[in-house]
Amino acid sequence: MMTTRLEDLPALRPQLLANDAHANSESTRGYICSKRNDSQHGLDCLYLNSRSLKAFVKTDDNCSKICKINIFQQLVYCGGYDVVCVCETWLNDCVLDSELLPGYSIFRRDRVGKTGGGVLVAVRDTIRAKRRTDLEGNNVELVVVELFKANNQSIILYTFYRPPSSTLDSIQQLNSSLDNIPESMSIILIGNFNLPTIDWSLDHPNPNNNGGLLENKFCDLVGDHFLEQLISGSTHRDGNKLDLLLCNYAEIIKNVTSSTPEQFGFPTDHHIIEFEIPQNFSRAKPIKRIILDYRQGNFEELRTSLLQAGFDSDGVLTEEIDQHWTRWKEWFLAHVNKFIPKKVVKDTNSPPWVDGELFWSYHKSTCRHRESKVSEISYKGVTAKTAAHKAELFNAFFSSVFTSPRSNIGEDTINNSLPLRTEQNLSDITIGVEEVANCLHGLDTSKASGPDDLPSRLLKECAQ
């Protein structure tokens, strides 16, 4: 039976998900650190059929599992893509947009009522984009996004998934949507159409249909909207061309490549497609913000001031812990502002450092497939086994953060100072301290935010 001491909690700190060395590597473009990150180049785009982003797959050593969301993030961030289109996400409302790609605007359409399907488009936050729900229709797995160019013109990006068993209705709805786009406007249509009997040989100006009515209707759609298919070769491991990249102005798309999943290290049975849109797009200007200038700070005098002033913790057991945290934070920052100057910086495209929401999303994606091995926790000689009792020990531990060193919180105080919550309200508390420690082990803390956005470096320096 494993017992965890709550006194070990201060050693656990928020961590980075991104690696600076990796982002600066010459062998990769890095997360939003593309070598062409100015407004003079177009968009680097990625398309993949994920076959479930939320599935767990075995790692290379076959000893553990990892969520495909983590592999997906690594693929996108290392590639520095501006636009990412995904079919067969298999997502539902249990997965938040914030868990997928921080730094991107997420537009998705999940399949409702049953597993499978789903379409997602992610556009880097710095690029002007707007979802066009008026073009998406009903009962069709389609996401339409308008990308605004620098000259105020725009490109309409369609990401479409047609299940193999779907009827002609999905093709008809897609055709109706395209009918509502002016002929002068650029259209990009990408997705998994599941029409393997159509011959897309590049030596034919139009596709050759070897299928039935549904294939005929789709070929008519391609011809009526002057679309040209731009992927050469098969797009599936079985040799079929199921995924298509179609455009009515082929010159706006360059450098189309189709790679096997093994080349990218992403587990799926479809090829992964990359392409570029060499147009100038409207991009957001860098945002100015004020940060602490640590290089000019006087940490010695700050630590001395904090020690001499002391924090008034009177009434700590009679007030809410949130009130005491607010009081302590205000007291602490008042001293910080005296000895650490501030400066104005521009927010250039930088990796998203971990905040509270992102950390717990990361923890859920990596740990939801295993149960906690921590059956007991202890604090000040008190051992808790039930979820409700564990929660009380956590409350008592964090309340003690605001007591003076002379305070003596013993077993009676722990058991009597805080009202016991019901088992029903706390039944979802299953995480153990060592489980959190395992998630954070070995990760760098140099740029992570601390609690309530207090920089971890500041807390570390003042704790010495």
Side-chain angles (χ1 to χ4, degrees), residues 17 45-79 81 83-102 104 106-123 136 139-143 158-166 170 190-196 234-238 240-245 258-274 358 360-371:
L17 286 181
C45 304
L46 173 74
Y47 165 80
L48 73 154
N49 186 306
S50 66
R51 295 287 295 169
S52 181
L53 285 176
K54 60 187 181 71
F56 283 86
V57 295
K58 290 185 178 181
T59 57
D60 293 337
D61 57 11
N62 287 325
C63 296
S64 59
K65 291 184 178 181
I66 186 172
C67 182
K68 287 174 69 172
I69 290 177
N70 297 90
I71 306 174
F72 175 61
Q73 291 171 340
Q74 184 180 11
L75 171 62
V76 174
Y77 291 156
C78 290
Y81 299 104
V83 179
V84 181
C85 305
V86 186
C87 282
E88 289 201 78
T89 61
W90 294 30
L91 297 177
N92 54 36
D93 56 8
C94 294
V95 180
L96 304 177
D97 289 349
S98 58
E99 297 181 66
L100 297 171
L101 288 174
Y104 287 75
I106 303 296
F107 310 100
R108 56 191 260 202
R109 189 164 188 169
D110 302 338
R111 181 177 291 180
V112 179
K114 56 182 179 179
T115 304
V119 176
L120 177 147
V121 177
V123 181
E136 292 180 358
N139 301 318
V140 60
E141 297 185 45
L142 171 67
V143 169
Y158 281 71
T159 304
F160 177 80
Y161 175 65
R162 192 195 76 82
S165 59
S166 64
S170 61
I190 193 167
N192 181 0
F193 295 82
N194 279 306
L195 297 171
S234 64
T235 63
H236 190 270
R237 64 174 52 171
D238 292 337
N240 297 321
K241 187 187 289 291
L242 304 180
D243 305 277
L244 307 173
L245 171 60
S258 174
S259 306
T260 64
E262 290 74 20
Q263 291 175 286
F264 277 81
F266 187 88
T268 182
D269 53 358
H270 291 250
H271 289 197
I272 295 173
I273 310 301
E274 295 178 293
L358 188 56
W360 290 112
S361 297
Y362 169 72
H363 174 270
K364 184 172 73 171
S365 69
T366 55
C367 297
R368 74 173 68 156
H369 68 286
R370 67 177 188 269
E371 296 181 356

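Remark: the S50 side chain and the T268 side chain contain no N/O donor-acceptor pair separated by less than 3.5 Å. With hydrogens and angles left out, the side-chain atoms of Y81 and E274 include a donor and acceptor closer than 3.5 Å.
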Can you list the steps and then say if L195 with L242 is a side-chain contact (heavy atoms from CB on, under 4.5 Å)?
CA-CA 6 Å; L195 297 171; L242 304 180; over 6 Å; no
Trace of the side-chain contact (heavy atoms from CB on, under 4.5 Å) decision for C87 with F160:
CA-CA 7 Å; C87 282; F160 177 80; over 6 Å; no
What verdict does the side-chain contact (heavy atoms from CB on, under 4.5 Å) test give for E88 and H270, after you've listed the backbone C-alpha separation in whole Å, the side-chain angles of each residue and the deciding distance to 0.1 Å?
CA-CA 11 Å; E88 289 201 78; H270 291 250; 4.3 Å; yes
Apply the test side-chain contact (heavy atoms from CB on, under 4.5 Å) to residues Y161 and R109: give CA-CA distance (whole Å), side-chain angles for both, the deciding distance (0.1 Å), then the verdict.
CA-CA 10 Å; Y161 175 65; R109 189 164 188 169; over 6 Å; no
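Scanning both residues, S234 and H271, for their nearest heavy atoms gives O-ND1, 3.2 Å. Summarising the geometry of V95 relative to K54, their closest heavy-atom pair is CG2-CD, 4.2 Å, with the distance given to 0.1 Å. Here the closest heavy-atom approach between residue V119 and residue T89 is recorded as N-OG1, 4.0 Å. Closest non-hydrogen pair, R108 versus L91, comes out as NH2-CB, 3.8 Å. Scanning both residues, Q73 and P102, for their nearest heavy atoms gives NE2-CD, 4.3 Å. The minimum heavy-atom distance linking F266 with L75 is given by the pair CD1-CD2, 4.3 Å.
Annotation: the span from C85 atom SG to I273 atom CD1 amounts to 11.5 Å, rounded to 0.5 Å. Atom CZ in F264 sits 12.5 Å away from atom CZ in F72 (nearest 0.5 Å). Here I190 contributes atom CD1 and L245 contributes atom CG; the two are 4.5 Å apart, rounded to the nearest 0.5 Å. F193 CZ to S170 OG: the interatomic distance, rounded to the nearest 0.5 Å, is 9.5 Å. Atom CG of D269 is separated from atom OG1 of T260 by 12.5 Å, given to the nearest 0.5 angstrom.
A salt bridge does not link K241 to D243: none of the charged side-chain nitrogens sits closer than 4.0 Å to a carboxylate oxygen. Salt bridge annotation for E141-R111: present, with a cationic side-chain nitrogen under 4.0 angstrom from a carboxylate oxygen.
The closest side-chain heavy-atom distance from L142 to Y158 is below 4.5 Å. I71 has its side chain within reach of P267: a pair of non-hydrogen atoms, C-beta onward, lies under 4.5 Å apart. Contact annotation: the side chain of F107 never approaches that of L120 to less than 4.5 Å [non-hydrogen atoms, C-beta and beyond]. A 4.5 Å side-chain heavy-atom check between I272 and L46 finds at least one atom pair inside the cut-off. Looking at heavy atoms from C-beta onward, D97 lies out of side-chain contact with Y104 at the 4.5 angstrom threshold.
At most 12 heavy atoms of other shown residues, nucleotides or ligands fall within 6.0 angstrom of atom CG in N139.
The only option from L244, V83, N192 that meets the side chain to side chain contact (heavy atoms under 4.5 Å, CB included) definition with Y47 turns out to be N192.
The backbone N or O of T59 sits nowhere less than 3.5 Å from a side-chain atom of K65 that would complete a donor-acceptor pair.
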